[in-house]
Asker: 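Before I ask anything, here is the structure I am working with.
Computed from heavy atoms alone, side chains included, the values below leave out hydrogens, waters and symmetry copies. The chains referred to below are lettered A, B, ... by the order of the sequence lines, with proteins before strands, and numbering in each begins at 1.
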Amino acid sequence: MTNSTRPLNFVEKIVKEDLDSNKVQAVQTRFPPEPNGYLHIGHAKSICLNFGIAETFGGQCNLRFDDTNPEKEDIEYVDSIKADVEWLGFKWDGNIKFTSDYFDQIHEWALHLIKEGKAYVCDLDKEQAREYRGTVKEAGTNSPFRERSVEENLALFEKMRAGDFDEGACSLRVKIDMASPNMHLRDPIIYRIKKATHHQTGDKWCIYPSYDFAHGQGDAIEGVTHSICTLEFEEHRPLYNWFIENLPVPSTPTQYEFSRLNVNYTITSKRKLKQLVDENVVDGWNDPRMPTVSGMRRRGYTPESIREFIDKTGVSRNEGVVDVGMLEFAIREDLNTNAARAMCVLHPLKVTLTNYPDDKKEVMTAPGHPSRDDLGSRDLPFSRELLIDQDDFREEANKKYKRLVIGKRVRLRNAYVIEADEAVKDEAGNIIEVRARIIEDTIGKNPADDIKPKGVIHWVDATDNVDCEVRLYDRLFNDASPDAGGKDYMLSLNPDSLAILSGCKGEKSLAASDPESRFQFEREGYFIQDSRYSAPEKLVYNRVISLRDTWAK
RNA sequence: UGGGUCGUCGCCAAGUGGUAAGGCACCGGGUUUUGAUCUCGGCAUUCGUAGGUUCGAACCCUACCGACCCAACCA
């Protein structure tokens, strides 16, 4: 949600000014992904910006697939992108658009340019074209095919279209300036031969327009007023404008650039993310450790938290790196107020309450949330044998340790205060059981002798509980900038990014919970059932994020 | 000896000639049956550096330094 009190970002200011000055009547934006991969957190920023602006200024935002390269694109991606945009909570206006919807029009515009003497078919191959283009510091040279006649160009382009040439044999170029300091203006290629089947147009075409020759035109056709993209397209803007000025387009959109989102300890490059998937470093594009929208969704992030994170992170032209801590803060903030509480013991250790009758059973009642009555309450069976976490017991400890210690007391959350008497060990010396006593009449009140416990620990009944598997995630990379300066990010993978704990014991109420609902396992963190592996007979929980821990080990 | 863009607290980010918002992180106090939450307080005499203009500059000018982008028939 857009925070109404925050100042407008620079793009919003431009939109507001254009609206106030009547430069535009209504704002029209678009989110233009290429369907060649899954959406990640960086795309989420673009989505929030484009849809967000339309929303706050009463305009519209289209979803348009920029599908000018059939070799890299696939319908699978089209579907996942649609699902991700919707999940994030945005609705595009009208039908979904495809740049390929405009191929006929774009083709006509290519013809228009040829007739105007502004475009020509060039027979230079890739390598030759590169040589003629010059370098970033040296001017290029005109192609020897630059002065072909309009008739010849028309005929040649038609042969390209008809499939008479092999891929790479020639291309259609626009005649601008081979000496321009801007490389994109050195007679850019606007149509190339690709004998590939397109996911939308099938085999209708064997020539496809380039990004530069399609994007702005698509914007113009859709009446996009503000074409928002990332900084690397800045140098394309003169070309973008050139086409808008030299073609009889129906409207005149303007391109604005903002800096893309970078998050430390994270990579956001489709190619690199794909490598993690292909090499099975992760469990697919939606692995809970992936910065993809689908991965974050499976991890347990809420759409609200992602939108909030992006809002707090701002929009500017500064190339910065946002601390993952901000993302973690956003999801903790959301889940703290919205997730129901529950108890789950991750590393069970048996506690026998020696002064509690073997045949006695009680049912404790605990609130679903400390401050939200609407989240109801839950019943917690309690008996002589309980389970607590191994980390919550020590035979002896210093005063800083606020959990169970022999001879000391601790509060069992939502139940009695207990005092430990002895630790039972196996032959190897491992503690396998703690023998303790309850202090009578301490439910909801302090001990009568006024010796108050220092801490509170969570627990679960030793038999009346639900078994589950818990997956603890940590950052995928140990390096804050895994791929900076051409570093090999595969070398900084965190070997401990996933820890699978089996035999965890959760409180009884979990068995009946909705697979989609998120919980705070008290004193541990926030969890959600894993959409891939969890089943009613075998619950699997993903840890979304741990609780903030100032005690820090 | 090309062009473009950017440099405000550890991180993100307002401010655009009138004397440095906010968030994250961090550090303290209080509350607390989650070492959580909540709450109170602290946290840039300084805006990449050096000059200049001005009564007054982070904002204007000049030079310098640093970072990023551009030589796919990718987007």
Asker: Mark yes or no for a side-chain to base donor-acceptor pair under 3.5 Å between Arg548(A) and U37(B), with no hydrogen or angle criteria applied.
Answerer: no

Asker: Watson-Crick or G-U wobble partner for C64(B), using a 3.5 Å limit on both distances?
Answerer: G48(B)

Asker: Under 4.0 Å between any heavy atoms, over every strand shown, what does Leu261(A) touch: base, sugar-phosphate, or nothing? Just pick one.
Answerer: nothing

Asker: Where the side chain of Lys13(A) is defined as all heavy atoms beyond and including C-beta, which of G3(B), G15(B), C6(B) is the nearest nucleotide?
Answerer: G15(B)

Asker: Quiz question: going by heavy-atom distance under 3.5 Å, is there a donor-acceptor pair between the base of U33(B) and the side chain of Arg411(A)?
Answerer: yes

Asker: How is Gly444(A) classified with respect to the nucleic acid when contacts are heavy atoms under 4.0 Å: base, sugar-phosphate, or nothing?
Answerer: base

Asker: If we only count heavy atoms from C-beta on, is the Leu353(A) to Phe382(A) side-chain gap below 4.5 Å?
Answerer: yes

Asker: Please give the nucleotide sitting opposite C38(B) as a Watson-Crick or G-U wobble pair, both distances under 3.5 Å, or none.
Answerer: G30(B)

Asker: Which nucleotide wins on minimum distance to the side chain of Gln520(A), given the candidates C73(B), U34(B), A75(B)?
Answerer: U34(B)

Asker: Of the nucleotides G35(B), U34(B), A71(B), which one has an atom closest to the side chain of Arg403(A)?
Answerer: G35(B)

Asker: When all nucleic acid strands are considered with a 4.0 Å heavy-atom cut-off, which category describes Lys194(A): base, sugar-phosphate, or nothing?
Answerer: sugar-phosphate

Asker: Between C24(B) and Arg332(A), is there an OP1 or OP2 to side-chain N/O distance shorter than 4.0 Å?
Answerer: no

Asker: Hey, is the side chain of Glu524(A) pairing donor to acceptor with the base of U34(B) inside 3.5 Å?
Answerer: no

Asker: From C74(B), A75(B), A36(B), pick the nucleotide closest to the side chain of Lys126(A)?
Answerer: C74(B)

Asker: Base, sugar-phosphate or nothing for Asn414(A)? Non-hydrogen atoms, less than 4.0 Å.
Answerer: base

Asker: Of the listed nucleotides (G35(B), G2(B), C74(B)), which one gets closest to any side-chain atom of Pro181(A)?
Answerer: G2(B)

Asker: Across all strands shown, which nucleotide pairs with A58(B) by Watson-Crick or G-U wobble geometry, both distances under 3.5 Å?
Answerer: none

Asker: Would you classify Ile189(A) as touching base, sugar-phosphate or nothing, given that sugar-phosphate means primed atoms plus P, OP1 and OP2, and contacts are heavy atoms under 4.0 Å?
Answerer: base

Asker: Provide the Watson-Crick or G-U wobble partner of G22(B), both distances under 3.5 Å; none if there is no partner.
Answerer: C12(B)

Asker: Which part of the nucleic acid, if any, lies within contact of Arg341(A), taking any heavy atom under 4.0 Å across all strands shown: a base, the sugar-phosphate backbone alone, or nothing?
Answerer: base

Asker: Could you check which of C73(B), A75(B), A71(B) has an atom nearest any side-chain atom of Asp125(A)?
Answerer: C73(B)

Asker: Is there a side-chain contact between Phe213(A) and Val174(A) (heavy atoms, below 4.5 Å)?
Answerer: no

Asker: Tell me whether the side-chain N/O atoms of Ser316(A) come closer than 4.0 Å to OP1 or OP2 in A13(B).
Answerer: yes

Asker: Side-chain N or O of Lys452(A) less than 4.0 angstrom from OP1 or OP2 on U33(B)?
Answerer: no

Asker: Is the distance between the ring centroids of Phe157(A) and His107(A) under 6.0 Å?
Answerer: yes

Asker: If you look at every strand shown and take non-hydrogen atoms under 4.0 Å, does Val321(A) touch a base, only sugar-phosphate, or nothing?
Answerer: sugar-phosphate

Asker: From the options C11(B), U33(B), A75(B), select the nucleotide whose nearest atom is closest to the side chain of Glu232(A).
Answerer: A75(B)

Asker: Send over the distance from Ile193(A) CD1 to A72(B) C1', rounded to a whole Å.
Answerer: 16 Å

Asker: Can you tell me which nucleotide in C74(B), C11(B), U34(B) comes closest to the side chain of Arg413(A)?
Answerer: U34(B)

Asker: Answer yes or no: does a side-chain N or O of Arg6(A) lie under 4.0 Å from OP1 or OP2 of G22(B)?
Answerer: no

Asker: With nearest nucleotide decided by heavy atoms, which residue, Arg237(A) or Gly320(A), maps closer to the 5′ end of RNA chain B?
Answerer: Arg237(A)

Asker: To the side chain of Phe329(A), which of U34(B), C73(B), A25(B) is closest?
Answerer: A25(B)

Asker: Considering only C11(B), G35(B), C70(B), which nucleotide approaches the side chain of Met326(A) most closely?
Answerer: C11(B)

Asker: C70(B) C1' sits how many Å from His184(A) NE2, rounded?
Answerer: 5 Å

Asker: Can you tell me the pairing partner of C73(B) across any strand shown, Watson-Crick or G-U wobble, with both distances under 3.5 angstrom?
Answerer: none

Asker: Spell out yes or no: do the side chain of His236(A) and the base of A75(B) have one donor N/O and one acceptor N/O closer than 3.5 Å?
Answerer: yes

Asker: When you check the glycosidic angle of A72(B), does it come out syn, meaning within 90° of 0, or anti?
Answerer: syn

